[in-house]
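Comments concern the structure below.
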Amino acid sequence: MNNKSPEVLLSEEEIQARVLELAAKISADYEDADDLVMVGVLKGSFIFLADLSRRLSIPRTIEFIAVSSYGNGSVSSGAVRLVMDVRGNIEGKHVLIVEDIVDTGHTLKYLIGMMKSHRPASVKTAALVRKAESAEVDVTIDYLGFDIGDEWVVGYGLDFAEQNRTLPYIGFIKPTDA
Ligand code: IMP
Ligand code: MG
């Protein structure tokens, strides 16, 4: 691993402005819904979930789930495994899955099915970033922050081999620096 900071792809200011917009839309859409549960997907979504949830103007509760699909590599296996389920009872509640990034779409598709098995009132999805060109399965993202190209990004919760999660921006390592 080198010491250079990742190159900025989405700045802290751009991210914060977009999170505010998404929060306003979610607050309006769920205004009349009781029992909104935001389900963050560990570990990558922890910062997005923290910022997004604190910008909402409606009541909400927080749950976490953990999945594993890649190990420490950067190539999707397509096989998703649930490592930790929600602890609270989400039956009859409005579930909003909060993901960091959607790449092939396998993880989010699996999670939507998982959440539906708990018999919630509804299931919707939010993701900060989508790699539009990498989609392998059709999955709806109800609240999307940004579309990006097919490069590996880090920061704002996202890691490469557990590094760079707490950067305030989203960036990438230039191949020449790696
Ligand atoms: P998918 O199942 O291919 O959509 O993969 C989604 C998961 O892979 C995300 O929740 C991330 O944990 C991880 N992931 C995919 N692309 C990146 C990236 O560029 N940086 C960090 N994590 C990524
Ligand atoms: Mg993830």
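Atoms within a ligand are numbered from 1 in the order they appear, just like the ligands themselves.
Proximity to Lys131 (heavy-atom distance under 4.0 Å) selects the following atoms of ligand 1: 16 (N), 17 (C), 18 (C), 19 (O). The atoms of ligand 1 that sit less than 4.0 Å from any heavy atom of Asp100 are 9 (C), 10 (O), 11 (C), 12 (O). The ligand atoms of ligand 1 that sit less than 4.0 angstrom from a heavy atom of His106 are 2 (O), 4 (O). Residue contact check: Thr104 has heavy atoms under 4.0 Å from atoms 1 (P), 2 (O), 3 (O), 4 (O) of ligand 1. Below 4.0 Å from some heavy atom of Glu151 lie the following atoms of ligand 1, by number and element: 19 (O). Per-residue contacts place Glu99 under 4.0 angstrom from the following atoms of ligand 1 (heavy atoms of the residue considered): 10 (O). Residue contact check: Thr107 has heavy atoms under 4.0 Å from atoms 1 (P), 2 (O), 5 (O), 6 (C) of ligand 1.
With 3.5 Å as the limit, one finds no donor-acceptor pair spanning the side chains of Asn89 and His118. Defined by atom type and a distance below 3.5 Å, a donor-acceptor pair is missing between the side-chain atoms of Ser45 and Asp100.
Across all their heavy atoms, Pro6 and Val154 have their closest contact at CG-CG2, 3.7 Å.
Judged as a salt bridge (Lys or Arg N to Asp or Glu O under 4.0 Å), and not counting sequence neighbours, the contacts of Lys25 are Asp29. Considering only residues two or more places apart in sequence or on other chains, Arg54 meets the salt bridge (Lys or Arg N to Asp or Glu O under 4.0 Å) condition with Asp51.
Under the 4.0 angstrom criterion for non-hydrogen atoms, Gly44 is not in contact with ligand 1.
In this structure, Leu36 is a member of the same hydrophobic cluster as Ile62, with clusters built from ILVMFWY side-chain heavy atoms closer than 4.5 Å.
Looking at Val153 next to ligand 1, an N or O pair under 3.5 Å apart turns up. Residue Leu108 has no nitrogen or oxygen atom sitting less than 3.5 Å from a nitrogen or oxygen atom of ligand 1, judged on distance alone.
Neither the backbone nor the side chain of Val154 has any atom closer than 4.0 Å to an atom of ligand 1 (non-hydrogen atoms only).
Aromatic ring pairs are classed by plane angle as parallel below 30°, tilted from 30° to 60° and perpendicular above 60°; the pair Phe48 and Tyr156 is tilted.
The pair Glu162-Lys43 meets the salt-bridge criterion, with a side-chain N (NZ, NE, NH1 or NH2) lying under 4.0 Å from an Asp/Glu carboxylate O.
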